[in-house]
Amino acid sequence: MSKSVKIEKSFEEAIAELEQIVVKLEKGEATLEESITSFQQGIELSRYCAAKLDEAEKKITMLIQDEEGNLEEQDFNM
């Protein structure tokens, strides 16, 4: 059973670490145990990055001009 580790990194740091893990795994020079550990770390980082992107998307807002020329703030929907 794997335990969840709280990641305290910026999005950019997590992406950089994830990229390093991918390069390490692609080289194929690690033992099976090292590969499994790296893969698990990669999955956690991937989930963390996805959550950060979801969080950022929720914060994005658009300004829309109404008929009278007033700007109003609305949630950004993709």
Asker: Do side-chain atoms of E34 reach the backbone of T31 as a donor and acceptor pair under 3.5 angstrom?
Answerer: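 Yes: the side chain of E34 pairs with the backbone of T31.
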Asker: Working to the nearest 0.5 angstrom, can you tell me the gap between C49 SG and E12 CD?
Answerer: 9.0 Å
Asker: Short question: side chain of S46, backbone of G42 - any donor-acceptor pair under 3.5 Å?
Answerer: no
Asker: Is a donor on one side and an acceptor on the other found under 3.5 Å between the side chain of E13 and the backbone of S10?
Answerer: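 The answer is yes, because a donor-acceptor pair under 3.5 Å joins these two groups.
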Asker: What's the spacing between Q20 CD and I15 CD1 if we round to 0.5 Å?
Answerer: 12.0 Å
Asker: CZ of F11: more than 12 outside heavy atoms within 6.0 angstrom?
Answerer: yes
Asker: Distance from E17 atom CD to Q41 atom CD, nearest 0.5 Å?
Answerer: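 Those atoms lie 6.5 Å apart.
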Asker: Rounded to the nearest 0.5 Å, what separation is found between the CD atom of E26 and the CD1 atom of I21?
Answerer: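 Going from the CD atom of E26 to the CD1 atom of I21 covers 12.0 Å.
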Asker: Heavy-atom distance under 4.5 Å between the side chains of L18 and Y48, does that happen here?
Answerer: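 No, side chains not in contact.
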Asker: Mind running side-chain contact (heavy atoms from CB on, under 4.5 Å) on L45 and K9 for me, showing each step along the way?
Answerer: CA-CA 10 Å; L45 287 165; K9 304 176 184 287; 4.2 Å; yes
